[in-house]
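Data first, discussion second: the structure below is written as structure tokens.
Model, not experiment: these values are computed from the prediction.
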Amino acid sequence: MTTANVLQKLPLSTAALAKSALIGAGIGLAIISIFVFGVDRPNPAWGTYWQIKPLLLTPCASAAGAVFFYLVNNLQLTGYLKAFALVAGILGFVVILWVGVVLGLNGTMWD
């Protein structure tokens with residue numbers, strides 16, 4: 001009796017993964033820029049360079065969310081499982097992006 005190899009190595013394109021991460025970072029940078037550059041008079045308690053933390057942290061978090069989206073949608077699924085993976089990937093990206101925004105604005109605009 002032979003056992004079937006259920007787990008197969010999925011093809012992973014590093015170029016597509018990097019492209020997905022860059023697109024995610026761009027989305028995160030665009031969203032956090034709306035908040036950061038929309039402040040006319042920042043609170044003096046925030047410090048002089050308060051914009052650096054959110055402008056670095058949020059794009060990194062959203063790039064991780066985009067990588068999660070890519071990996072979930074790269075699974076070889078069919079039918080309703082593929083649709084479920086798409087919804088789970090979008091939801092995961094949005095949640096990770098939201099956590100990045102909260103962590104980036106923590107101590108400044110998010111009190």
Hey, does Ser13 have a side-chain heavy atom less than 4.5 Å from the side chain of Tyr70? yes
Residues in side chain to side chain contact (heavy atoms under 4.5 Å, CB included) with Tyr80, at least two apart? none
Spacing of CD1 belonging to Ile96 relative to CG belonging to Leu91, to within rounding of 0.5 Å: 10.0 Å
Does some side-chain heavy atom of Phe37 sit less than 4.5 Å from a side-chain heavy atom of Leu55? yes
What are the two closest non-hydrogen atoms of Gln51 and Val36, and how far apart are they? CG-CG1, 3.4 Å
For Ile23, what residues pass the side chain to side chain contact (heavy atoms under 4.5 Å, CB included) criterion, not counting sequence neighbours? Lys19, Ile27
Give a yes or no on whether the backbone of Leu29 and the side-chain of Ser33 come within a donor-acceptor separation of less than 3.5 Å. yes
Please list, chain by chain and in numerical order, all residues satisfying side chain to side chain contact (heavy atoms under 4.5 Å, CB included) with Ala88, sequence neighbours excluded. none
Are Met109 and Leu97 linked, directly or through other ILVMFWY residues, by side chains that come within less than 4.5 angstrom of each other? yes
Do you know which two heavy atoms are closest between Trp50 and Pro42, and how far apart they sit? NE1-CB, 3.5 Å
Look up atom CG in Leu75 and atom NZ in Lys82, then write down how far apart they are to the nearest 0.5 Å. 7.5 Å
Residues clustering with Val87 (ILVMFWY side chains joined when closer than 4.5 Å, directly or via others): none
For Val102, which residues count as a side chain to side chain contact (heavy atoms under 4.5 Å, CB included) partner, sequence neighbours excluded? Trp98, Trp110
How far apart are the closest heavy atoms of Trp46 and Val39, and which atoms are they? CZ3-CG1, 4.3 Å
Report the distance from atom CD1 of Ile32 to atom CG of Leu105, rounding to the nearest 0.5 Å. 4.0 Å
Residues 56-69 side chain polar contacts: donor-acceptor under 3.5 Å, at least two apart:
unit_1: Thr58; atom_1: OG1; unit_2: Pro54; atom_2: O; d: 3.2
unit_1: Thr58; atom_1: OG1; unit_2: Gly100; atom_2: O; d: 3.1
unit_1: Ser62; atom_1: OG; unit_2: Gly24; atom_2: O; d: 2.7
unit_1: Ser62; atom_1: OG; unit_2: Thr58; atom_2: O; d: 3.2
unit_1: Ser62; atom_1: OG; unit_2: Pro59; atom_2: O; d: 3.1

